[in-house]
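Just below is one structure, and these are the notes that go with it.
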Amino acid sequence: MPASYLPPPAAKRAIRKLGSDIRDARLRRGLPASIVAERAGIARSTYHKIEKGDAGVSIGIYAAVLQALNLMDGFADLADARNDPQGAHAALERLPKRAVLARKKPGSKESS
């Protein structure tokens, strides 16, 4: 049997914050946990795990809860290239220093 996966501390903190933010969003809307769980199609016990930031709950379940709270707008863009300055910087560093046209091989025909 494989060992249990334990996310790194930074990931745990982020998931706990997400759970807390979900709880706050539910309370701002004046909704009981049972209603949000029902709208997300999950058990109340699973919903309570989400509010506690349980890393063992699948990302799909978190997405269902965000949908139930009408908070999906930014979810699909979390890892979007527009939100990745580190990746953009790395891509810029890999750009060639100059552009070079491909030379024609001797004896090849030009295509018109």
- Message: Looking at Glu38 and Arg44, is there a salt bridge between them, counting it only when a charged N and a carboxylate O are closer than 4.0 Å?
- Response: no
- Item | For the student: nearest non-hydrogen atoms of Ala68 and Arg39, plus distance | CB-CB, 3.7 Å
- Quick one: side-chain contact (heavy atoms from CB on, under 4.5 Å) partners of Pro96, sequence neighbours excluded? none
- Item | Asp77 side-chain N/O to Asn83 backbone N/O, donor-acceptor pair under 3.5 Å | no
- Quick one: do Arg82 and Asp80 make a salt bridge, cutoff under 4.0 Å? yes
- Note on the structure: Value for CD (Glu51) from CG (Asp24), rounded to nearest 0.5 Å, stands at 8.5 Å
- Task: Show which residues join Phe75 in its hydrophobic cluster (side-chain heavy-atom contacts under 4.5 Å, direct or indirect), or state none.
- Result: Ile15, Leu18, Ile22, Leu31, Ile35, Val36, Ile42, Tyr47, Ile50, Val57, Ile59, Ile61, Tyr62, Val65, Leu66, Leu69, Leu71, Met72, Leu78
- Any chance CD of Gln86 has more than 12 other-residue heavy atoms, nucleotides or ligands included, within less than 6.0 Å? no
